[in-house]
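Counting from 1, the numbers follow the sequence of the chain as shown. Hydrogens, waters and symmetry mates play no part in the numbers below; they use all other heavy atoms, side chains included.
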Amino acid sequence: MIDSTLAGTPPDKESDPEVKIDNFTFTPKTLTIHPGETVTWINRDDVPHKVVSVDKKFASQALDTDQKFSHTFTDAGTYKYYCSIHPRMTGTIVVK
């Protein structure tokens with residue numbers, strides 16, 4: 001048996017928060033995280049999507065199927081975003 005702390009891997013580290021893009025929807029629609037965490041959006045649709053914050057704090061390139069975009073949130077607050085290609089697609093990241 002190997003102690004994971006001796007093996008150099010952090011014990012019980014939760015996976016980074018993810019937002020899946022599928023069927024023209026961000027899931028979860030609202031995600032709550034802590035300052036310093038990185039959120040990754042993954043496009044599972046067959047069409048491109050572009051993640052853009054309403055307040056222009058972050059924006060992805062157009063993401064094709066299975067492509068990812070990540071952003072680290074350093075400050076507490078509520079960050080609304082949408083797909084600039086399909087503006088009816090919206091989501092929210094809450095950092096507290």
Just wondering, do V19 and V39 contact through their side chains at under 4.5 Å, heavy atoms? yes
Taking the side chain as everything from C-beta on, heavy atoms only, tell me whether T92 gets closer than 4.5 Å to T78. yes
Quick one: does M89's side chain get under 4.5 Å of H49's, heavy atoms only? yes
Could you state whether L63 and V47 fall into the same hydrophobic cluster, counting links through intermediate Ile, Leu, Val, Met, Phe, Trp or Tyr residues with side-chain heavy atoms under 4.5 angstrom apart? yes
Closest non-hydrogen atom pair between N43 and P48, with its separation: ND2-CA, 4.0 Å
Backbone N/O of T25 and side chain of N23: donor-acceptor pair under 3.5 Å: no
Just wondering, do T74 and P35 contact through their side chains at under 4.5 Å, heavy atoms? no
Could you check whether any side-chain heavy atom of D66 comes within less than 4.5 Å of a side-chain heavy atom of R44, counting everything from C-beta outward? yes
For the residue pair F73 and W41, categorise the inter-ring angle as parallel (less than 30°), tilted (30 to 60°) or perpendicular (more than 60°). tilted
Contact check, side chains of V51 and I21, non-hydrogen atoms, under 4.5 Å: yes
Is there a path of hydrophobic side-chain contacts, each under 4.5 Å between heavy atoms, that joins F24 and F69? yes
Identify the heavy atoms of K96 and T32 that sit nearest to each other, and give their distance. CE-CG2, 3.8 Å
Supply the atom-to-atom distance S60 OG to H71 NE2, rounded to the nearest 0.5 angstrom. 12.0 Å
Using salt bridge (Lys or Arg N to Asp or Glu O under 4.0 Å) as the criterion, list what pairs up with K20, not counting sequence neighbours. E18
Any side-chain heavy-atom pair from Y79 and V95 closer than 4.5 angstrom? yes
Starting from V52, can I reach V54 by hopping between I/L/V/M/F/W/Y residues whose side chains sit under 4.5 Å apart? yes
Starting at OG1 of T38, measure out to CD1 of I33 and round the result to the nearest 0.5 Å. 8.0 Å
Could you pull out the closest heavy-atom pair between L31 and P17, with the gap in Å? CD2-CB, 3.7 Å
Taken to the nearest 0.5 Å, the spacing of T65 OG1 from D46 CG works out to 5.0 Å
Under 4.5 Å between side-chain heavy atoms, hopping through other hydrophobics if needed: is there a path connecting Y82 to I93? no
